[in-house]
Amino acid sequence: MPVPNPGRSRAVLIGIGTYTHPDLPPLPAAARMLGLSTRIHRGEEQRGTATMQLGLGYRGGPLASGSAGALQAGDRAPDGPLPGGRRLFDLFRGPHFTLLAVGTDAELPLLEGELVHVHRIEAYEPYGKGLFLVRPDGYIGWAGENTTGLNDYLAKVTRC
């Protein structure tokens with residue numbers, strides 16, 4: 001069976017099996033995930049930490065810049081409780097970026113429109129102190145002790 005777009009495709013799902021194109025190198029992460037999902041489908045393994053993707057990160061990636069407190073850009077933004085029964089993940093939910101000022105009184109920029117929602121919270125140990133711009137996918141795109149570099153980062157990732 002030919003592989004569609006063999007220059008781009010590495011594997012094609014056929015039923016619950018796979019066909020790997022012989023001229024392309026295997027993708028170890030994809031192979032592990034396919035193996036895991038197959039074992040879960042067959043009842044040989046239960047869902048657990050491996051299926052939650054908590055170990056994924058993008059430190060050093062092109063959409064990650066800076067560090068502050070306990071985190072670096074590219075890390076998954078931790079969840080946590082907020083007053084009133086809400087959670088940090090509630091603030092991040094949606095197609096917007098979230099600028100989170102954690103345990104700091106750093107001056108925050110005036111950001112217009114719905115692109116960035118800004119929130120200030122008390123110090124929270126998983127973050128440490130600093131400013132964290134959480135991307136819509138829940139990962140920290142930019143982090144810093146002050147806003148230096150924030151506008152440049154936003155201009156880079158939002159230009160069409």
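This structure is a prediction, so every number in the text was calculated from the model and none was measured.
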**Message:** Contact between T147 and L99 at the side-chain level, heavy atoms closer than 4.5 Å - yes or no?
**Reply:** no

**Request:** Output yes when a side-chain donor or acceptor of Y153 lies under 3.5 Å from a complementary backbone atom of A143, and no otherwise.
**Result:** no

**Over all atoms of both residues, closest heavy-atom pair of A70 and P126** = CB-O, 3.7 Å

**Prompt:** Where do Y58 and I140 land on the side-chain contact (heavy atoms from CB on, under 4.5 Å) test, with the steps shown first?
**Reply:** CA-CA 9 Å; Y58 301 99; I140 297 170; over 6 Å; no

**Validation row: F97, L111 side chains within 4.5 angstrom (heavy atoms)** = no

**Prompt:** Side chains of T98 and L88: does their closest heavy-atom pair fall under 4.5 Å?
**Reply:** no

**Message:** Quick check: do D75 and S67 have side-chain heavy atoms less than 4.5 Å from each other?
**Reply:** no

**Request:** Using a 4.5 Å cut-off on heavy atoms from C-beta on, say whether the side chain of V134 contacts that of L91.
**Result:** no

**Message:** Could you tell me if the side chain of F92 sits less than 4.5 Å from the side chain of L100, heavy atoms only?
**Reply:** yes

**Closest non-hydrogen atom pair, A73 against S65** = CB-N, 3.1 Å

**Item:** Short N-O contact, D90 and R87, less than 4.0 angstrom
**Value:** no

**Request:** Please examine the side chains of Y139 and L63, heavy atoms only from C-beta on, and report whether any two atoms are closer than 4.5 Å.
**Result:** no

**Prompt:** Would one find more than 12 heavy atoms of other residues, nucleotides or ligands at under 6.0 Å from atom CD of E44?
**Reply:** yes

**Item:** Plane angle bin for H96 and H117 - parallel if under 30°, tilted between 30 and 60°, otherwise perpendicular
**Value:** parallel

**Interatomic spacing from OG1 in T104 to CZ in F132 - rounded to 0.5 Å** = 9.5 Å

**Message:** Looking at every non-hydrogen atom in both residues, tell me the closest pair between G128 and V102 and how far apart they are.
**Reply:** O-CG1, 3.2 Å

